[in-house]
Asks: 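Can you read through this structure? Questions will come right after.
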Number of protein chains: 2
Amino acid sequence: MSPKITTELLKQLRQAMKSPKYVQEPVQAYIVPSGDAHQSEYIAPCDCRRAFISGFDGSAGTAIVTEQHAAMWTDGRYFLQAAHQMDNNWTLMKMGLKDTPTQEDWLVSVLPEGSKVGVDPFIIPSDQWKRMSKALKSAGHDLVPVKENLIDTIWTDCPQRPCKPLITLDLSYTGVSWRDKIVALRSKMAERKVLWFVVTALDEVAWLFNLRGSDVEYNPVFFAYAVIGMNTIRLFIDGDRVMDPAVREHLQLDSNLEPEFKIQVVPYGSILTELQAVGTGLSPKEKVWLSDKASYALTEAVPKAYRYLTPYTPICIAKAVKNASETDGMRRAHIKDAVALCELFNWLEKEVPKGTVTEIIAADRAEEFRSQQKDFVELSFATISSTGPNGAIIHYKPVPETNRTLSVNEIYLLDSGAQYKDGTTDVTRTMHFGTPSAYEKECFTYVLKGHIAVSAAIFPNGTKGHLLDSFARSALWDCGLDYLHGTGHGVGSFLNVHEGPCGISYKTFADEPLEAGMIVSDEPGYYEDGSFGIRIENVVLVIPAETKYNFKNRGSLTFEPLTLVPIQTKMIDVNLLTQEECNWVNDYHQKCREVIGAELERQGRHEALQWLVRETEPLKVQ
Amino acid sequence: MSPKITTELLKQLRQAMKSPKYVQEPVQAYIVPSGDAHQSEYIAPCDCRRAFISGFDGSAGTAIVTEQHAAMWTDGRYFLQAAHQMDNNWTLMKMGLKDTPTQEDWLVSVLPEGSKVGVDPFIIPSDQWKRMSKALKSAGHDLVPVKENLIDTIWTDCPQRPCKPLITLDLSYTGVSWRDKIVALRSKMAERKVLWFVVTALDEVAWLFNLRGSDVEYNPVFFAYAVIGMNTIRLFIDGDRVMDPAVREHLQLDSNLEPEFKIQVVPYGSILTELQAVGTGLSPKEKVWLSDKASYALTEAVPKAYRYLTPYTPICIAKAVKNASETDGMRRAHIKDAVALCELFNWLEKEVPKGTVTEIIAADRAEEFRSQQKDFVELSFATISSTGPNGAIIHYKPVPETNRTLSVNEIYLLDSGAQYKDGTTDVTRTMHFGTPSAYEKECFTYVLKGHIAVSAAIFPNGTKGHLLDSFARSALWDCGLDYLHGTGHGVGSFLNVHEGPCGISYKTFADEPLEAGMIVSDEPGYYEDGSFGIRIENVVLVIPAETKYNFKNRGSLTFEPLTLVPIQTKMIDVNLLTQEECNWVNDYHQKCREVIGAELERQGRHEALQWLVRETEPLKVQ
């Protein structure tokens with residue numbers, strides 16, 4: 001992978017930063033955040049502005065360009081990748097390390113007095129705007145909105161915004177109709193005494209209306225906003241798509257509905273003016289509810305006195321707690337996913353020794369096996385298929401320049417998942433197709449101990465996920481090891497593979513408490529730069545736990561793994577496991593054998609079944 | 001303990017809330033926070049306004065009185081105590097429970113439209129003011145400063161503000177002179193480009209000048225502020241105390257010092273006007289550094305553009321990292337403290353069966369044994385001496401009405417500590433002087449497992465204490481048990497027994513990372529209302545840890561117990577311990593025997609020595 005040469009682009013951007021065509025006064029710095037106008041993590045090609053200007057295309061990162069400098073902030077998952085993809089014009093700011101300045105502190109340290117810092121108000125979330133603006137102001141600078149996106153002005157071959165057909169989901173998948181979701185939302189609005197709710201996140205719009213799309217790769221969402229009043233529903237979406245009879249039927253656009261359930265379809269581009277109109281028509285007690293991560297532009301459209309901002313919207317919280325139809329679907333999706341992976345690993349075991357399987361071939365093969373399964377839609381993220389040193393690049397994606405051949409001498413890490421119409425999967429397994437070294441087994445076993453510590457944890461109702469993060473690290477910490485990423489993220493139901501408001505990470509504090517029905521990943525790892533990467537990831541469902549006592553009648557929770565793919569026992573140093581940990585592995589493998597074995601049998605995949613049976617042999621306890 | 005009858009007082013307060021003598025316009029609610037003008041946790045009798053109006057005298061709580069309601073917010077440590085001490089005029093708001101409204105939400109729910117909420121601007125920290133004011137404003141109400149404290153207007157027999165003599169500490173105790181501390185502070189100020197630093201917390205003033213006082217019971221502090229400029233030092237303190245020749249010598253008030261180290265002594269009461277004068281003399285780039293917990297009144301004295309607010313001051317952070325003189329002192333203090341407790345427990349073992357020892361007698365006896373030790377100054381907090389059901393009142397203090405006799409049938413919990421000139425102690429032991437039940441032993445053992453999990457934890461440099469909190473709960477959680485308080489707090493060096501900026505609690509996120517030299521408590525517990533309380537507390541020092549590997553060269557940390565008092569093995573169910581946990585207990589007891597044994601020997605306390613030897617017999621591993 002050679003870095004993108006950005007000298008000319010940066011020159012053009014710096015010219016735009018001074019051009020009266022775009023800015024009233026020159027801006028001395030320009031911020032290019034990761035997201036789109038919906039603060040999506042995964043974005044459409046037309047929104048990949050940060051990747052365009054810098055070359056770094058990881059899922060998280062913020063670029064800031066000044067007259068003299070160009071700097072990129074990203075987190076531990078992407079340190080190596082960003083360093084590879086960016087040329088010498090760029091300084092990498094490693095977030096989470098002690099000496100790395102914040103964006104605000106860095107700006108204050110490099111800017112001349114009284115500078116203006118520009119940003120596209122549609123791209124920056126309002127909470128970030130607020131923090132950044134305050135810090136800059138207190139140092140004598142100003143954060144200013146630049147209406148025209150300056151990257152777009154120099155991006156001559158920028159792709160078009162996608163506008164793909166919609167998929168309707170019936171009750172058997174969603175469990176709750178969009179109408180009932182609107183009723184529940186309005187009752188939350190009434191509780192908080194707000195009259196309007198603005199849906200800005202793409203997955204929230206999709207969830208609310210039981211629709212899916214494919215405007216963004218891997219995330220089954222579509223470009224839209226919604227504004228829900230107590231008696232009105234406005235869906236901002238480009239019109240052609242809702243001409244599809246199935247969509248019209250699903251949304252009951254041509255039925256004689258009660259007025260409060262009649263959906264008005266409005267052009268996507270008119271959200272700002274429509275919201276401004278809502279804002280001007282308000283009387284003192286009428287509030288508009290927005291996420292504090294909604295764009296600065298939309299937030300400003302509502303006069304400050306009428307705004308009701310929360311870090312998580314009621315839709316985000318409701319969406320996180322899966323109902324029975326959704327958890328059933330997630331279970332089915334994970335069974336199919338496990339079938340595909342058993343096929344893959346069985347195939348790899350035979351093919352890798354021949355020296356003909358590259359990371360890309362393995363990834364393609366994984367996709368092929370998944371696509372054979374019922375209701376497969378697409379992958380849920382770019383497959384991380386990495387061997388040897390590439391495994392240490394936490395969010396690596398193989399490309400021809402880096403593509404490495406799998407061998408019996410290196411660890412192979414596969415982090416992959418898919419969107420099925422009934423659920424979303426995300427699973428990581430780390431395998432060795434030869435004989436792992438004692439050190440590799442030792443590290444793998446610490447990661448496994450951390451994985452089990454979270455998966456088997458019992459904790460009171462109301463516990464926030466971040467309080468479980470250290471359980472995943474304890475065994476690594478004991479030996480002076482660690483990993484520089486969170487332990488888990490929320491997972492959508494045929495929706496985004498990363499979703500809020502819950503997760504398991506030392507980095508957050510404002511996560512919502514875990515409750516039964518929530519689904520998160522459990523994925524500790526260990527990475528040695530230049531050598532190998534290890535990660536063990538299951539998607540797990542929060543379920544009630546039976547305990548001996550019940551303090552204050554609070555009840556307890558634990559996790560049930562939805563992912564049912566064998567964990568390679570060859571990589572385990574059994575001497576480092578406790579009896580309980582051995583039992584956990586054996587029970588888990590027993591369940592894999594039963595559930596996935598039955599499905600392999602049903603699908604007539606006998607060779608993969610034999611592989612599964614072999615890989616789920618109980619550990620020999622010492 | 002019978003509740004305080006507050007009907008008449010509340011009537012008077014409600015009159016004051018409407019009286020043009022005190023308020024320009026009537027206030028519909030009045031907030032009575034816990035603290036004093038320095039946001040101290042422990043306060044002088046003249047500042048116990050919340051206790052005066054409500055009867056509830058725990059260390060944490062906020063009262064809010066409206067026309068119709070009187071409500072008290074406090075945390076899990078005080079639920080029982082507050083319920084006992086308050087009459088029916090008061091509603092107890094149990095913080096941390098799911099359905100308890102925040103103060104802001106509650107106010108919004110009970111206030112008539114467009115209400116004014118009053119508070120003494122000297123008592124409310126500016127960060128709380130900001131949060132509260134914002135929440136009230138967004139609901140159409142106003143938070144207003146009421147200059148005259150309304151409680152003081154109805155408190156006819158309010159005691160005088162104390163003004164006791166000062167104690168000077170020489171280098172052998174402090175390790176660093178006040179002059180060098182000022183130099184270090186000014187270098188931190190230069191780093192952040194601030195010109196003035198306002199010291200508002202009493203322990204920060206005491207630490208900075210290497211002085212101690214006794215204005216507040218248990219906390220060796222004195223009423224003072226300081227304002228440090230790059231070339232000036234102003235100490236706001238009432239003048240008589242600095243007439244003491246030892247203090248004058250210590251502060252070099254009569255020496256020919258360089259001007260930048262010359263201390264100007266200014267009356268305590270003039271801080272507001274002096275700070276306003278500093279504020280008006282500033283030019284645009286000249287900032288004044290204040291804690292964001294400084295009072296609203298002082299914060300407002302500095303124009304907003306010139307304020308530099310941080311959650312923790314550089315003094316708070318420097319104070320937390322103990323130097324070699326301080327850790328040596330803390331070790332000495334803990335050895336003396338352990339001697340006193342060995343004497344006490346030996347005595348209790350003989351006396352309790354006679355049925356003549358009450359909680360108060362036991363507490364007094366503990367104080368007596370401590371006071372026999374060198375450099376003893378006073379207790380570091382009110383001794384929690386509690387048996388049977390009283391043990392479940394987390395911050396219980398025995399009074400004649402509740403005083404219970406220790407017996408061979410009930411668990412006894414003693415949480416106590418002292419101020420010695422060389423250090424501050426805080427230790428909790430839970431004992432049974434008869435035969436504990438299997439259930440009591442089971443619960444005790446879970447608490448012990450949590451205690452060990454924290455004490456023996458190894459974690460990377462830079463880890464925040466709150467990430468260790470769940471380790472203390474894991475064994476309890478597994479059985480559906482928990483405790484409603486944090487696991488540990490910072491401990492001062494002959495200073496406040498509770499200090500920031502570090503601790504071990506699920507409740508904080510903004511704590512500073514742990515580093516070698518910091519001192520915290522490790523005190524998990526389990527409490528069964530109406531039956532018993534269990535807590536095991538050591539004060540522990542953060543030290544570097546040796547590990548097999550060293551990821552990213554970050555280095556690792558662990559804890560060394562400073563407290564060396566046996567943990568009653570009779571209460572331990574050895575079958576519930578792992579081999580490692582057994583070894584920890586045996587190693588700990590071995591160290592108690594060696595270190596404290598030598599000191600008991602030296603002090604000729606032979607009977608206590610025999611008790612120690614008996615109590616430190618190794619656990620029989622199964």
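Chain naming here is simple, since letters A, B, ... match the order of the sequence lines and numbering starts at 1 in each. Worth knowing before you read on, the calculation uses all heavy atoms, side chains too, and leaves out hydrogens, waters and symmetry mates.
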Asks: Who among A:Lys287, A:Lys98, A:His466 has the most heavy-atom pairs with chain B under 4.5 Å?
Replies: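 Highest number of heavy-atom pairs under 4.5 Å: A:Lys287.
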Asks: I'd like to know if A:Lys548 and B:Asp478 make a salt bridge, using a cut-off of under 4.0 Å between side-chain N and carboxylate O.
Replies: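 Answer for the salt bridge query: no.
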Asks: A:Asp105 versus chain B, heavy atoms under 4.5 Å apart: side chain, backbone, both or neither?
Replies: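 It is neither, since no heavy atom gets under 4.5 Å.
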Asks: When rounded to the nearest 0.5 angstrom, what distance separates CG in A:Leu468 from CH2 in B:Trp477?
Replies: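 With rounding to 0.5 Å, CG (A:Leu468) is 6.0 Å from CH2 (B:Trp477).
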Asks: Let me know if B:Tyr439 has heavy atoms under 4.5 Å from chain A in its side chain, its backbone, both or neither.
Replies: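 Side chain only.
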Asks: Checking heavy atoms, do the side chain of B:Arg473, its backbone, both or neither come under 4.5 Å from chain A?
Replies: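 B:Arg473 has no heavy atom closer than 4.5 Å to chain A.
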Asks: More than 12 non-hydrogen atoms from neighbouring residues, nucleotides or ligands closer than 6.0 Å to NZ on A:Lys134, yes or no?
Replies: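 Not more than 12 within 6.0 Å, no.
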Asks: Less than 4.5 Å to any heavy atom of chain A: does that hold for the side chain of B:Glu442, its backbone, both, or neither?
Replies: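 For B:Glu442, side-chain heavy atoms alone lie under 4.5 Å from chain A.
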Asks: Below 4.5 Å from any heavy atom of chain A, which atoms of B:Lys552 appear? Answer side chain, backbone, both or neither.
Replies: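 Answer is side chain: those atoms of B:Lys552 sit under 4.5 Å from chain A.
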Asks: Would you check if B:Phe551 and A:Tyr526 make a side-chain contact, meaning some heavy-atom pair closer than 4.5 Å?
Replies: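 Yes, at least one pair of side-chain atoms sits under 4.5 Å.
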Asks: Please state whether the side chain, the backbone, both or neither of B:Lys193 comes within less than 4.5 Å of a heavy atom of chain A.
Replies: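 For B:Lys193, neither part sits under 4.5 Å from chain A.
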Asks: Working to the nearest 0.5 Å, report the span between SG of A:Cys479 and CD1 of B:Ile458.
Replies: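 One gets 8.0 Å once the value is rounded to the nearest 0.5 Å.
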Asks: So how far is it from B:Ser138 OG to A:Leu309 CG, rounded to the nearest 0.5 Å?
Replies: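 Reported to 0.5 Å precision, the distance equals 9.5 Å.
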Asks: Please look at B:Thr463 and chain A and tell me whether the side chain, the backbone, both or neither of the residue comes under 4.5 angstrom of a heavy atom of that chain.
Replies: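 It is the side chain, since no backbone atom gets that close.
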Asks: Any sub-3.5 Å donor-acceptor pair from A:Lys137's side-chain atoms to B:Ala305's backbone N or O?
Replies: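 A pair under 3.5 Å: no.
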Asks: Ignoring hydrogens, what is the shortest heavy-atom contact between A:Gly480 and B:Ser556? Give both atom names and the distance.
Replies: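 Shortest heavy-atom separation between A:Gly480 and B:Ser556 comes out as CA-OG, 3.9 Å.
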Asks: Looking just at side-chain N and O atoms, do B:Glu528 and A:Tyr549 make a donor-acceptor pair shorter than 3.5 Å?
Replies: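 Note: B:Glu528 and A:Tyr549 side chains miss the donor-acceptor criterion.
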Asks: As an exercise, state the distance from OG1 of A:Thr547 to CG of B:Leu481, rounded to the nearest 0.5 Å.
Replies: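 Answer for the OG1-CG pair, A:Thr547 versus B:Leu481, is 7.5 Å.
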Asks: Any side-chain heavy-atom pair from A:Arg554 and B:Asp482 closer than 4.5 angstrom?
Replies: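 The answer is yes; the side chains approach within 4.5 Å.
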Asks: Would you indicate whether the side-chain heavy atoms of B:Ser474 and A:Phe471 approach each other to under 4.5 Å?
Replies: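 Side-chain contact under 4.5 Å: yes.
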Asks: Is it the backbone or the side chain of B:Asn461 that comes under 4.5 Å from a heavy atom of chain A, or both, or neither?
Replies: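 Contact with chain A involves no heavy atom of B:Asn461 at all.
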